[in-house]
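Scroll down for the structure; my scribbles are underneath it.
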Amino acid sequence: MALKISYMLKETGTNLVRRISLTIAAILTISISLALFGSSLLARDGVANATQRWEGGIEFVVWMNPEADADQDAAIRRSIEESPAVASSTYVSQEEAFEEFREMFADSPELIEAVEASDLPPSYRVVPTDPDADVVVELGSQFRNQPGVRDVVFASEAIKDIQLQANRISNGLLWVSIALLIASALLILNTIVVAIGARRQEIEVMKLVGASNWFIRLPFMLEGLVHGLIGAGFAVLAMWGVRNWVIDGFSRSQSLALLEGLKVNNAELINRSLWVLAIGVAVGIVGSAFAVSTKLDV
Amino acid sequence: MALKISYMLKETGTNLVRRISLTIAAILTISISLALFGSSLLARDGVANATQRWEGGIEFVVWMNPEADADQDAAIRRSIEESPAVASSTYVSQEEAFEEFREMFADSPELIEAVEASDLPPSYRVVPTDPDADVVVELGSQFRNQPGVRDVVFASEAIKDIQLQANRISNGLLWVSIALLIASALLILNTIVVAIGARRQEIEVMKLVGASNWFIRLPFMLEGLVHGLIGAGFAVLAMWGVRNWVIDGFSRSQSLALLEGLKVNNAELINRSLWVLAIGVAVGIVGSAFAVSTKLDV
Amino acid sequence: MIKLENVSKSYKGGTNTAALQNANIDIGKGEFVFLVGPSGSGKSTFIRLLNKEEDPSDGRIFVAGKDIGQLSSWKVPYLRRNIGCIFQDFKLLEKRTVAENVAFALEVIGRPRSVITKQVPAILELVGLADKVDSFPTQLSGGEQQRVSIARAFVNRPLILLADEPTGNLDPTTSVGIMRLLDRINRTGTTVVMATHDRGIVDTMRRRVVELDKGTIVRDQAQGVYE
Amino acid sequence: MIKLENVSKSYKGGTNTAALQNANIDIGKGEFVFLVGPSGSGKSTFIRLLNKEEDPSDGRIFVAGKDIGQLSSWKVPYLRRNIGCIFQDFKLLEKRTVAENVAFALEVIGRPRSVITKQVPAILELVGLADKVDSFPTQLSGGEQQRVSIARAFVNRPLILLADEPTGNLDPTTSVGIMRLLDRINRTGTTVVMATHDRGIVDTMRRRVVELDKGTIVRDQAQGVYE
Ligand SMILES: Nc1ncnc2c1ncn2[C@@H]1O[C@H](COP(=O)(O)OP(=O)(O)OP(=O)(O)O)[C@@H](O)[C@H]1O
Ligand SMILES: Nc1ncnc2c1ncn2[C@@H]1O[C@H](COP(=O)(O)OP(=O)(O)OP(=O)(O)O)[C@@H](O)[C@H]1O
Ligand SMILES: [Mg+2]
Ligand SMILES: [Mg+2]
């Protein structure tokens with residue numbers, strides 16, 4: 001039995017080395033496809049994290065006149081807080097607004113320099129209970145003509161647009177990586193078919209002398225497994241690189257402040273890495289099992 | 001001779017169909033690698049276009065006090081215009097600043113609503129003759145303490161940061177696609193090796209009856225060429241898609257106004273498409289020529 | 001040992017006439033049987049059926065008392081461990097030495113190394129190749145290669161030895177040597193079935209001869225001659 | 001037609017002794033030569049050298065007056081168009097019919113379709129397979145398959161026909177038929193060189209016999225016998 005295992009490993013190694021160019025092609029393709037696949041998952045996580053702070057959040061903003069007096073302010077505050085259609089609301093003072101302005105537009109220091117806290121109006125950020133656009137607009141409009149209110153702005157459009165772009169990118173990545181995964185499975189299948197072809201003579205002899213079916217099959221399936229595993233290993237490395245340099249790089253970036261929330265934490269990264277490893281192994285096994293079952297009629 | 005050509009085409013077709021899964025894998029990999037390669041070229045073009053409007057442009061901005069009087073303004077204007085260290089300068093009025101503000105921050109309509117033209121200071125955008133950072137800072141600082149000047153801001157940092165991020169993405173794409181191109185060449189090589197293996201018997205007979213070397217080789221090389229060409233064809237389609245939906249989508253986006261300048265014109269797209277086609281053909285020919293020359297010792 | 005009951009075999013996509021038609025035969029333990037007949041008469045088909053390389057279109061085949069038609073596919077290897085096979089073209093692995101070729105047959109059925117290191121030299125001694133253990137097949141004459149292939153077929157001490165024209169590639173003198181070896185193996189109690197069209201061998205050996213013609217058994221003669 | 005001057009051949013990684021040693025021979029146009037000798041004596045090597053499938057380690061080989069050692073590699077195919085080859089295992093393409101197998105030999109050397117449609121039926125008529133044009137190789141007997149391979153080798157009317165044990169797979173009766181066909185082809189002026197160890201054939205035909213032993217020509221006898 002010990003002999004069998006060492007035989008299997010030796011055979012698998014020989015197979016991998018004997019067709020080195022096909023081995024490299026298979027591993028390259030599977031690692032790139034899985035790296036893209038994993039990165040697209042990470043990008044989706046990142047975008048989800050980044051947009052979470054808006055999602056179900058500010059649905060409209062009531063901008064006050066900086067000159068509004070305390071009575072007007074109190075009246076607005078009361079009507080917002082007492083409205084049954086309002087789920088929650090936050091008051092953003094001029095100083096807070098300026099702070100936020102500075103954060104959001106850190107890429108335009110000249111603008112930050114040009115604006116002062118007193119230039120920015122205080123505001124109420126209101127979350128309606130009913131997220132339906134018509135209801136939100138109806139509710140928001142009630143405040144528009146009240147005294148002390150400068151304007152009511154509906155913020156959801158802008159956020160939806162950001163999410164749309166982000167989803168477009170990560171969906172694109174997903175499709176590309178699925179196509180590459182198919183290519184990888186085909187490649188592994190072919191690597192095994194070629195390996196079987198190259199060892200036809202040996203297999204013929206093995207069948208003749210009565211080697212059991214699994215004894216003949218296993219080295220080939222192990223070969224596919226190794227392709228999948230090594231490819232997935234490289235892909236996981238690439239994913240850590242993407243997280244540490246690309247995604248973190250964006251979120252540290254001074255200029256693309258909108259991407260500031262783009263973060264992928266370690267738990268998410270480990271979760272996605274395990275997914276990628278599992279898919280790599282699955283692709284390797286499925287590709288080789290298919291090749292073995294069709295080409296080795298043992 | 002007519003017979004020969006029809007024979008070549010028939011043989012090539014048979015080869016492609018007989019090993020359909022390897023054909024698909026090769027075409028998929030080459031089209032994806034070339035699509036990524038082409039897209040990274042397009043992204044670089046787009047980023048170059050987008051950052052061009054800044055490049056060598058505004059190096060620092062002299063923000064005036066909105067309250068500065070005409071004399072102060074005239075003095076600053078004169079000292080800027082007369083300085084030998086200044087290559088050019090532009091005056092941006094409050095209205096122009098507001099216009100630009102609206103364009104740049106179209107993703108935050110609530111801010112546009114909150115800010116009025118009179119909130120924004122007029123400014124001089126100054127391009128120094130010497131782009132060296134120290135010289136620019138030295139020059140800019142001269143204006144800082146003059147009457148009527150609110151602040152002097154050096155804009156180059158933000159732009160450099162944007163370019164850095166953009167370059168990081170397109171370099172990443174470039175490396176990924178180069179790895180995939182290598183995988184494609186290996187794959188085409190292997191497809192041909194497999195095809196040669198599958199037709200060993202025929203080739204043996206061809207050699208025996210005296211078929212000329214090129215007669216045996218050509219169908220295999222054509223096969224590699226077809227892989228490269230079809231793969232590149234799909235890649236070019238994908239590149240047009242990337243231009244029309246992704247890049248144009250970004251530049252039309254309301255939220256990512258920073259990417260507004262991200263444009264790839266038709267001339268650039270055609271140029272890049274031709275590159276991709278040429279590389280596809282080259283990879284196909286090189287892969288198959290290598291396989292044929294090593295495996296067909298004719 | 002081997003029994004065929006009304007066995008017929010036609011190949012898909014082959015000729016209309018069957019490769020083997022309604023064959024009935026009974027071969028006892030330790031017999032030596034020559035299969036003769038013109039080209040295409042079904043000799044190789046007969047041998048491939050015993051080995052379950054092909055399945056009969058009709059009829060039943062018993063090997064060592066078992067109906068091999070009933071054998072589930074994962075048991076086929078265990079059937080084959082009881083049957084050694086020799087071919088005209090030797091089917092040796094060129095990248096392996098003589099000893100490795102023989103050892104391969106034991107390795108791939110999971111025999112422990114201790115058994116392999118004992119049995120391989122013994123069988124090579126038996127076939128007269130003790131001094132060629134480390135040679136590669138291309139360094140051997142055809143007769144020596146065939147001895148290696150016999151050693152490989154016999155190293156696991158099978159009950160039956162099937163030989164499909166084992167002397168087809170060999171000159172008359174070498175053929176005689178191979179036949180002596182097969183005869184020796186047969187005397188140890190191994191059943192031997194050998195397809196051939198070497199008239200000289202059949203006529204000299206004088207063993208049981210089964211003649212096929214167009215898939216039909218037309219003669220079954222003890223101590224027979226080629227025709 | 002064929003001339004060997006001090007030709008030796010040793011294989012890389014093969015045995016220490018050469019497969020062919022210092023061979024000198026002169027074969028005229030229209031001759032019929034049997035190459036005999038025990039297994040491994042160098043018969044196949046001799047034939048592969050004429051076809052430039054192998055290059056000699058030493059010495060010079062002339063075919064049709066040309067030193068084929070001087071031939072640049074792209075000219076080798078044109079040499080081979082003058083040499084037909086027949087083998088023990090036929091080397092037919094299983095996916096193609098009889099007619100297609102023969103036509104293939106003309107197609108791949110770029111002969112126009114008009115020539116192919118004329119010559120293929122003619123040669124199949126000559127070898128006696130006019131009624132089997134659309135059969136596949138597996139549907140034919142061994143003798144018929146060898147006729148197809150002879151048709152393919154001869155359809156381009158080569159000056160020389162090389163045959164390496166063409167009857168090795170065939171029974172005695174079928175072999176006689178093949179030899180009659182080769183004899184007929186030889187009478188059209190084609191030089192035939194045939195390696196064999198079929199004693200019966202050599203002894204019946206009584207043609208020139210060249211005997212090899214361990215790579216050395218030990219006998220060259222007009223109207224000779226096997227040994
Ligand atoms: N794999 C196959 N597919 C289709 N037909 C086959 C196959 N193998 C053999 N045949 C056909 O079955 C018949 C018997 O063939 P078989 O090989 O058993 O004959 P044989 O007696 O061994 O002949 P030979 O002396 O030439 O080896 C022949 O008509 C042959 O064409
Ligand atoms: N490709 C090869 N590589 C190494 N050695 C070889 C090769 N082909 C033949 N030999 C060796 O050359 C010698 C002559 O072989 P060759 O095949 O010419 O003999 P032969 O007379 O045709 O024998 P047979 O009757 O068995 O066909 C043998 O010792 C053989 O082992
Ligand atoms: Mg047979
Ligand atoms: Mg030979």
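None of the values given here were measured: they were computed from a predicted structure. Chain naming here is simple, since letters A, B, ... match the order of the sequence lines and numbering starts at 1 in each.
The stretch residues 182-190 of chain D places none of its residues near chain B, where near means some heavy atom under 4.5 Å from a heavy atom of that chain. Residues of residues 87-100 of chain D lying within less than 4.5 angstrom of chain B, judged on heavy atoms, are D/F87, D/K91, D/L92, D/L93, D/R96 in numerical order. The interface of residues 42-55 of chain D with chain B, defined by heavy-atom distances below 4.5 Å, comprises D/N51, D/E53.
Looking at every heavy atom in both residues, B/E202 comes nearest to D/F104 through O-CE2, 4.0 Å. The two residues D/R80 and B/K207 come nearest to each other via the heavy atoms CD-O, 3.1 Å.
In this structure, D/I109 and B/M206 have side chains that are not in contact, with every pair of non-hydrogen atoms separated by 4.5 Å or more. Residues B/N213 and D/P77 have side chains in contact (heavy-atom distance under 4.5 Å, counting atoms from C-beta outward). Side-chain contact between B/S212 and D/R81 is present, with heavy atoms from C-beta onward closer than 4.5 Å.
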Show me the donor-acceptor pairs, under 3.5 Å and distance only, between side chains in residues 56-68 of chain D and residues at least two apart or in other chains.
unit_1, atom_1, unit_2, atom_2, d
D/S57, OG, D/S10, N, 2.8
D/D67, OD1, D/G69, N, 2.9

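A 6.0 Å sphere centred on CH2 of B/W275 holds no more than 12 heavy atoms belonging to other residues, nucleotides or ligands.
Here the CG-CG distance, from D/L162 to B/L208, works out to 10.0 Å after rounding to the nearest 0.5 Å. From B/E204, atom CD reaches atom SG of D/C85 across 10.5 Å, with rounding to the nearest 0.5 Å.
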